[in-house]
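Below, each value reflects all heavy atoms present in this structure, side chains not excepted, and no hydrogens, waters or symmetry copies.
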Amino acid sequence: MSSRHFTRIWDLEKMEIEAIIGQALKWKRVKHRGSEWKGKILALIFEKASTRTRISFETAMMRLGGDSIFLSKQDLQLSRGEPIKDTARVLSRYVDAVVLRTYDQETIDEFARYSDIPVINGLSNQFHPCQVLSDIMTVLEKGGDLYRDKIVWLGDGNNVAHSWIEASAILGFPLVICSPEGFEPSEYLLREANDRFKAQIEIIHDPRQALKGAKIINTDVWISMGQEKETERRRRAFRGFTLDTSLLELAHPNAIVLHCLPAHRGEEITEEVLEGPKSVVWDQAENKMWFHMALLDFLLKEL
Ligand code: CP
Ligand code: NVA
């Protein structure tokens, strides 16, 4: 139980986050492909669909010289009720690190408690920590300044928003979250961010106020995986929250738009904005791979 895990952003120290992002940027610049982790094996266990996280972790491990094994929950005895704690101990004997994508965060936390190898959160209902740190890498790559630029989250107070809150709290930058009433981020997390870090997080409900002068604009789907039954209710509640050109006109002239993808054009973002000059979503998607390489390197070294 001595290894380091990445179940949420607060598992890392500020300096560690900066070092991992720095390494990712460096490796991207030189298009790094090495053999430092030859012979090491990464397992990915996913309860939910994934294009980017799965493939970027698999290619990251390959670019470091290692191998990966992908398993959907259905492939494992987990689907027939084998306890998480047993799965964690068995996997620890076969592979060197594991990425989990789950519904409940508690599944990842319990896996980590019983695992001898690093456990990485590849998205849960509560958090998407890898996404947000690689998004911060993208912000820095584009010349953004976390501490001076107005950073806005527009949309659902969801897993990605929660990881932005953790990033804002631990790195110490201000963050504006603009969600419809009733869809704000977790109050418990906001309290924790305030108590532990005196976080500078503003919660508002007016998209026009949020976008005014914004330099770094993030949005995400209105209906996250697992919320499909709430589709109609959410579509109604999020009316007015579509990131379109009229909202974007209020932003800083050099603003950038991030979206972790997959995007639902015409819901949280228009085609015009997603494909427009301020959108950085393709670089953002690419950066997941470079960030995952640096994260794996960091965690495997800590073993
Ligand atoms: N952004 C992201 O996590 O995408 P996937 O669901 O395709 O992994
Ligand atoms: N909030 C989205 C992110 C997808 C990468 C979801 O959980 O479905």
Side-chain angles (χ1 to χ4, degrees), residues 4-25 105-106 108-109 112 120-121 123-220 241 251-252 255-256 258 260 291 294-295 298-299 302:
R4 294 284 300 275
H5 302 299
F6 187 53
T7 65
R8 61 192 293 180
I9 287 178
W10 291 348
D11 284 348
L12 298 175
E13 303 291 335
K14 180 177 177 176
M15 276 172 60
E16 292 172 334
I17 294 171
E18 290 165 349
I20 296 167
I21 292 176
Q23 177 70 276
L25 285 164
Q105 175 72 20
E106 178 51 27
I108 298 175
D109 294 343
I120 299 169
N121 181 346
L123 181 145
S124 68
N125 288 350
Q126 286 74 29
F127 295 116
H128 198 0
C130 295
Q131 182 67 51
V132 169
L133 292 192
S134 67
D135 293 350
I136 287 176
M137 169 189 172
T138 304
V139 168
L140 299 177
E141 182 188 38
K142 299 292 170 191
D145 183 334
L146 293 172
Y147 303 95
R148 286 171 199 263
D149 296 341
K150 181 175 179 187
I151 306 177
V152 175
W153 176 268
L154 178 73
D156 195 15
N158 64 13
N159 43 7
V160 186
H162 287 164
S163 289
W164 268 102
I165 288 169
E166 292 210 340
S168 151
I170 194 164
L171 297 176
F173 62 81
L175 175 67
V176 176
I177 303 224
C178 181
S179 307
E181 278 182 53
F183 295 89
E184 298 91 349
S186 149
E187 269 182 38
Y188 179 84
L189 179 67
L190 288 169
R191 249 197 320 276
E192 214 185 343
N194 193 44
D195 294 347
R196 282 180 65 176
F197 301 98
K198 301 218 178 315
Q200 308 163 67
I201 294 159
E202 192 186 352
I203 307 286
I204 61 174
H205 299 101
D206 176 3
R208 294 181 65 81
Q209 183 192 343
L211 265 286
K212 202 160 175 249
K215 191 93 179 277
I216 296 157
I217 304 155
N218 289 279
T219 190
D220 186 17
F241 279 75
H252 189 283
I256 57 169
L258 294 106
C260 67
F291 176 77
L295 178 70
F298 172 84
L299 291 171
E302 291 279 312

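Listed by chain and residue number, nothing satisfies the side chain to side chain donor-acceptor pair (under 3.5 Å) test with Lys150 (two or more places apart in sequence, or in another chain). Applying the ring-ring contact (aromatic ring centres under 6.0 Å, His included) test to Phe183 and every residue at least two apart in sequence or in another chain returns Phe238. With sequence neighbours left out, Glu192 forms a side-chain contact (heavy atoms from CB on, under 4.5 Å) with Arg8, Trp10, Tyr188, Leu189, Arg196.
Taking every heavy atom of both residues into account, Ile216 and Leu258 meet most closely at CG2-CD1, 3.7 Å. Of all heavy-atom pairs spanning Ile108 and Ser124, the tightest one is CD1-CB, 3.9 Å. In plain terms, the two heavy atoms of Phe291 and Ser134 that are nearest each other are CB-CB, 3.5 Å. The shortest heavy-atom contact between Ala210 and Cys178 is CB-CB, 3.6 Å. Here the closest non-hydrogen pair linking Pro129 and Ser163 is N-OG, 3.3 Å. The shortest non-hydrogen separation linking Trp164 to Val132 is CD1-CG2, 3.5 Å.
For the atom pair Ile204 CD1 and Gln209 CD, the distance stands at 4.0 Å (nearest 0.5 Å). Rounded to the nearest 0.5 angstrom, Leu140 CG and Leu146 CG are separated by 5.0 Å. Here Asp206 contributes atom CG and Lys212 contributes atom NZ; the two are 11.0 Å apart, rounded to the nearest 0.5 Å. In this structure, OG in Ser186 is found 7.5 Å from CD1 in Ile165, a value given to the nearest 0.5 Å. One finds the CG atom of Asp220 at 11.0 Å from the CG atom of Leu154 (value rounded to the nearest 0.5 Å). Remark: Leu295 CG to Leu299 CG distance equals 4.5 Å, nearest 0.5 Å.
Here the side chain of His5 pairs a donor or acceptor atom with the backbone of Ala112 at under 3.5 angstrom. A donor-acceptor pair under 3.5 Å links the side-chain atoms of Ser168 to the main chain of Phe173, judged by distance alone. With Thr7 contributing its side chain and Asp109 its backbone, the two residues share no donor-acceptor pair below 3.5 Å. Of the possible donor and acceptor atoms, none in the side chain of His162 sits under 3.5 Å from a partner among the backbone N and O of Phe127.
The salt bridge (charged side-chain N to carboxylate O under 4.0 Å, His left out) pairs that include a residue from residues 12-25 are Arg4-Glu16, where partners are two or more places apart or lie in different chains. The side-chain hydrogen bond (donor to acceptor under 3.5 Å, both in side chains) pairs that include a residue from residues 135-149 are Lys28-Glu141, Gln131-Asp135, Asp135-Gln284, Thr138-Asn287, Glu141-Asn287, Lys142-Asp283, Asp145-Arg148, Asp149-Lys215, where partners are two or more places apart or lie in different chains. Within the structure, salt bridge (charged side-chain N to carboxylate O under 4.0 Å, His left out) contacts touching residues 168-182 (residues at least two apart or in different chains) do not occur.
Under the 4.5 Å side-chain criterion, counting only non-hydrogen atoms from C-beta, Val176 is not in contact with Ile151. Ile136 has its side chain within reach of Leu171: a pair of non-hydrogen atoms, C-beta onward, lies under 4.5 Å apart. For the pair Ile177/Glu184, no side-chain contact is recorded, criterion being any heavy-atom separation below 4.5 Å from C-beta on. Counting heavy atoms from C-beta outward, Leu133 and Ile20 have side chains that stay 4.5 Å or more apart. Trp153 places a side-chain heavy atom less than 4.5 Å from the side chain of Asn158. Pro185 places a side-chain heavy atom less than 4.5 Å from the side chain of Ile203.
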Requested in this report: Kindly determine whether Val152 and Asn218 satisfy side chain to side chain contact (heavy atoms under 4.5 Å, CB included), including the steps that lead there.
Outcome: CA-CA 6 Å; Val152 175; Asn218 289 279; over 6 Å; no

Report task. Would you please test Gln105 and Asn121 for side chain to side chain donor-acceptor pair (under 3.5 Å) and show each step? Result -> CA-CA 8 Å; Gln105 175 72 20; Asn121 181 346; 3.1 Å; yes

Query - Worked verdict on Asn125 versus Asn159 for side chain to side chain donor-acceptor pair (under 3.5 Å) - result: CA-CA 6 Å; Asn125 288 350; Asn159 43 7; 5.7 Å; no

